[in-house]
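Along the sequence shown, the residues carry numbers beginning at 1. Quick caveat: nothing in here was measured; it's all calculated off a predicted structure.
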Amino acid sequence: MLKELVQFTQSLKEQEMNTIGVVPKEGLHVVLTLRKEDNQVYWPPGSFEPYVYSKKDKTPSEQLQRCAAWAQAAWMVNTNKCFDLPAKGIHSCSPYCLAFKRESLKGGAKYTDAKTKLPERINAYFAKAIDLLDDESEMQRIEVFKYALNSEEKLDAILNQIPEYESLKDANYIVFYLSEPLEAYQKANTKYLADKLFNTNQFNLSVDEMVYGTSDFFNGFPAKKAYLSHQTASFDIAGRISSVEARALFEFQDIMGRGILPRPLPIFVDRDELKKDAIALFKKGAEDGERIGYKEIIETLNENPRHKDDIGNYYLLFYLAGEIKDFDFVSKFEYSLNDEADKPWKVTDWFSINYQPTVSNVFDFQYSILVSILNNSLVVKTKAGGFQYKFFDDIDAKYCKSDNTYLLVMKYRKAFYDFIYKSKRQAVTQQMFDDILQTSILDDLRLDEIKNNRHTQEYSIRQKLNIWFSLTENFERKHKPIETMANKLQAHRKFIHQLTKNEATIETDEQYAFTVGQVIYYLLTKSKTSDTSYKRLEPFLQQVHAKELNKAIARLFDTYKHETFSSNFRTPFAEVMAYETKASIRDLMPTTLAGIFSQNALFSDKETKEEAETEPTPIEE
C-alpha cells in the first residue's frame, strides 16, 4: 500500500499538484527584512510588512502566497516534533520563521496558564532552529532575526503598530518571516525532516547512505503503552521504509490536507495512461477552485475511448478530517446497473404517483434511490440543488427524519458505499433492501398527518413502494425467485376483483395478506373521525399472528357495523375471517401494504367516486 502511495505522490509532483492549493494560515503574517551596512547586519525597527489572511479571502494576494510557500517549508511535522517542547506553542520549525497562535500572547486563553510564557521560550526555540544551518554568516543573520523578537516588549512593539492585531481571535496565527529566498527555507526544512519523517529514530538503519526507519504515515508507535504492544512477538517492528519514501508519504499527507483531491480518491496503479489522465482531471479541478468529484472523474474516463469499460485496478482512499476512513482495492469498476435481461434498472409506477425513473448506473442509484429510501439522510439533497454525502461523517440523529432512519443509515451506509464506489454488488442484499423499505414505510405510516386535506407521507410511501416492488430482485439473494414482487402484485390485483365477484377463494397466505390490506383500508374509510391519517393502520400492522389480526379486524368491523357496506366487501371480508394460517404476518407485510395502497376493489361504484374525490395529491420533495 505504501509503495503505491509513494508512486502516486511522485505522479502528483510530476504534474505539479504539490504546489496547488497551498494557502496561508488564517491570521497575521509579518515579514521582517534585514539590512547590511559596513559588513554589519541589522534590523531597523519598523522595517516590516504585515499581511492579514482570512478564509473569506478566496484569492490570497501575491505577498500572502509567498508567505504560504514559506510557511509550508517552515512548519512542524506535528506538535510532538516541534522545537517548543513540552509547551508545544510554537508551530514553526525553521530558523527563518516564528509561528504561534494569538492565544499564547497576553490576553489569550493560554497565556495565563503557561508556566513559561511564549516570549520567554523564543530563545530556546531559535537555539534548536539554528542547528539546521551550516553557514556561519547565515547563523549571524538568524541571531539578528531572533533578537528582533525574543521578548514580550519587542513583540508588542511590532504588533501594536498593526491595527488588525487587535481583532485577531485566539485561534488565529501570528507568523513572523525573515525575507529570504524560498530555497533557504526549503534547505533548512530538508534538514529538519531528515530527522523527523520517521515515527521514531529508535530503529533507524543506514544502508548505502540511505536511512531506513519506521513509517510515520498514520502509524502510531506504542512502545510506551504496553497494552498496545504485542507481548509475544519475536520482532520489534513490522518493517522499515526509506527516507525517500517517508518524505513522499509526508508530502502526500500534506496534499490531502489541502482539500484539492477528490473524495473518495481513486489511486490508479500500473496504468500510466489512466493515472496521467486522472491526475490531469484532479489538477484542472484544483486550478479552477472546484474539487472535482469521483462521479465526474469516473464518467469522464468512461467516456474516453481509451479507458471505456476498462476502469479498474486502483486503490480507493477516503480521507476526512485528518483521518483515513477507508482504503481498499478495486479490481474492476462496474458503472452500469443492468438486470438479468441486461436492461437498465427501471422503477415502474405501480402505485400511481407518476414516479418512474430509470436507474441505469450506480450514480443514478445514489441520487435517485438512496435519497428517497433513506429520507435524505445519507445522500442529502440540499435546497441549493447540490448533494452532501454522509458515508463516513458524524451524523446527528436530530437531522434525520426519525430515529429509525438514523439507525438504518448507520447500519447500512458502509454497504452502500462499497456497492456504489467499489462495485461490490454482494455488499447490498435483497434482505437488507427489504429491511430498509419495510422499516422506512412503517415509519412514514407512523409519522403521517392530515394537512390541507392531504396525507403528509402519501407521496413518500407510494414512492418507496414503487422502488421496493421494482428493484428488490436486482440485489444479491440466496435463491432466485420464481415470481417477482411485481408479478405477484399484478396477480393479487387481478385476484381481488375475482374474489369480489365470488369467482375465487383465498388459497394462499399472500392472497390472504393482500385481501386483509384491502379490507382494513375499506373499513377505515367508514370512520367519521377528523384524524384519518395512516397512523390508524399501526394496530393492524403490529400483529404477528393471523388469528389476532382477524380479531382486530373484527373489532374494527364491529365499530362501523351500522354503516352501509358494498356488495364487493362481503365475500373478501368473509374469506379473511375464515382463513387460518400459522405464517407470520410480519413476513407478509409487503403484500399487506400492497393491498392497502392499491386501488381498492371493495368499494361500490358510488363509493369509488367518493374515494377518488378525497385521494391525496402528491407532496413535492
Side-chain angles (χ1 to χ4, degrees), residues 339-341 343 345-356 430-431 433-435 437-438 441-442 445 461-475 477-523 537 540-541 543 546 549-550 553 566-605 608 611-612 615:
D339 59 19
E340 292 181 342
K343 294 182 178 179
W345 291 10
K346 174 77 178 175
V347 177
T348 303
D349 191 24
W350 296 115
F351 293 89
S352 309
I353 55 169
N354 195 27
Y355 174 78
Q356 43 191 345
Q430 183 178 4
Q431 185 179 11
F433 195 70
D434 292 347
D435 178 34
L437 270 301
Q438 180 165 313
I441 290 172
L442 292 178
L445 293 172
I461 294 169
R462 291 180 180 271
Q463 183 185 42
K464 288 167 185 168
L465 285 170
N466 276 345
I467 293 170
W468 196 3
F469 279 75
S470 301
L471 301 183
T472 187
E473 282 86 11
N474 292 316
F475 293 97
R477 56 188 184 272
K478 289 184 179 179
H479 306 290
K480 182 179 178 181
I482 298 173
E483 291 183 288
T484 65
M485 287 179 69
N487 289 337
K488 290 180 181 177
L489 176 64
Q490 297 176 80
H492 295 326
R493 287 175 173 175
K494 183 178 180 181
F495 163 78
I496 196 66
H497 285 285
Q498 293 174 333
L499 187 62
T500 58
K501 297 175 183 175
N502 286 321
E503 295 175 355
T505 59
I506 297 177
E507 296 178 349
T508 67
D509 293 344
E510 291 197 334
Q511 289 175 345
Y512 164 74
F514 190 86
T515 308
V516 162
Q518 294 266 299
V519 168
I520 292 174
Y521 183 86
Y522 180 83
L523 287 173
L537 292 167
F540 305 98
L541 299 178
Q543 300 296 333
L549 176 60
N550 283 355
I553 295 173
S566 71
S567 59
N568 290 346
F569 169 74
R570 294 171 185 168
T571 301
F573 178 68
E575 290 274 336
V576 165
M577 291 294 103
Y579 192 80
E580 294 183 359
T581 177
K582 294 183 179 179
S584 171
I585 299 302
R586 294 293 179 88
D587 294 339
L588 299 170
M589 186 69 71
T591 312
T592 305
L593 290 169
I596 293 171
F597 288 94
S598 292
Q599 184 176 12
N600 201 288
L602 277 55
F603 290 100
S604 64
D605 291 342
T608 302
E611 182 197 29
E615 185 74 17

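Among all heavy-atom pairs drawn from Leu489 and Ser598, the shortest one is CD1-OG, 3.9 Å. In terms of heavy atoms, Ile496 sits closest to Ala601 at CG2-CB, 3.8 Å. Nearest approach of Gln511 to Thr505, heavy atoms of both residues: OE1-O, 3.7 Å.
Within a 6.0 Å sphere centred on CD of Glu503, other residues, nucleotides and ligands contribute more than 12 heavy atoms. Heavy atoms of other residues, nucleotides or ligands lying less than 6.0 angstrom from CD of Gln431 number 12 at most. For Lys343, the NZ atom is loosely surrounded, since the number of other residues' heavy atoms within 6.0 Å does not exceed 12.
Screening residues 487-509 for ring pair (Phe, Tyr, Trp, His ring centres under 6.0 Å), with sequence neighbours left out, gives His492-Phe514.
Residues Pro572 and Gln518 have side chains not in contact (no heavy-atom distance under 4.5 Å, counting atoms from C-beta outward). Leu549 places none of its side-chain heavy atoms less than 4.5 Å from the side chain of Val576. With a 4.5 Å cut-off on side-chain heavy atoms, Leu541 and Ile520 do not count as touching. When side chains are defined from C-beta on, Ile467 does not count as touching Thr472, because their heavy atoms never get closer than 4.5 Å. At a threshold of 4.5 Å between non-hydrogen side-chain atoms, the residues Leu499 and Glu575 count as touching. Between Asp434 and Pro590, the closest side-chain pair of non-hydrogen atoms is not below 4.5 Å. Arg570 places none of its side-chain heavy atoms less than 4.5 Å from the side chain of Thr500. Using a 4.5 Å heavy-atom threshold, the side chains of Tyr522 and Ser566 count as touching.
Taken to the nearest 0.5 Å, the CZ atom of Phe433 stands 13.0 Å off from the CD atom of Gln438. The distance from atom CD of Glu340 to atom OG1 of Thr484, rounded to the nearest 0.5 Å, is 10.5 Å. Within the model, atoms NZ of Lys346 and CG of Asn474 stand 13.5 Å from one another, a figure rounded to the nearest 0.5 Å. Summarising the geometry, atom CG belonging to Leu465 is positioned 10.0 Å from atom OG belonging to Ser470; distances are rounded to the nearest 0.5 Å. Rounding to the nearest 0.5 Å places CD1 of Ile596 at 7.0 Å from CG of Leu445.
Using a distance-only test at 3.5 Å, with no hydrogens or angles considered, no donor-acceptor pair links the side chain of Arg462 to the main chain of Ser352. Asn568 contributes a side-chain N or O that, together with a main-chain N or O of Phe603, makes up a donor-acceptor pair within less than 3.5 Å. Looking at Thr571, its side chain never comes within 3.5 Å of a backbone N or O of Asn502 through a donor-acceptor pair.
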key: Evaluation steps, side-chain contact (heavy atoms from CB on, under 4.5 Å), between Thr592 and Tyr512   = CA-CA 8 Å; Thr592 305; Tyr512 164 74; over 6 Å; no

task = Apply the test side-chain contact (heavy atoms from CB on, under 4.5 Å) to residues Met485 and Trp468: give CA-CA distance (whole Å), side-chain angles for both, the deciding distance (0.1 Å), then the verdict.
result = CA-CA 8 Å; Met485 287 179 69; Trp468 196 3; 4.0 Å; yes

key: Worked check of side-chain contact (heavy atoms from CB on, under 4.5 Å) between Phe573 and Ile553   = CA-CA 9 Å; Phe573 178 68; Ile553 295 173; 3.9 Å; yes

request  = Would you please test Leu442 and Met589 for side-chain contact (heavy atoms from CB on, under 4.5 Å) and show each step?
outcome  = CA-CA 10 Å; Leu442 292 178; Met589 186 69 71; 4.2 Å; yes

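There is a side-chain donor-acceptor pair under 3.5 Å between Asn466 and Asp349.
A search for side chain to side chain contact (heavy atoms under 4.5 Å, CB included) contacts involving Gln490 returns Trp350, Asn487, not counting sequence neighbours. Taking Asp435 as the reference, Leu408, Lys411, Tyr412, Thr439 meet the side chain to side chain contact (heavy atoms under 4.5 Å, CB included) condition, with sequence neighbours excluded.
A side chain to side chain donor-acceptor pair (under 3.5 Å) with Tyr579 is found for exactly one of Asp509, Thr508, Asn550, namely Asp509.
The aromatic ring centroids of Phe351 and Phe469 lie less than 6.0 Å from each other.
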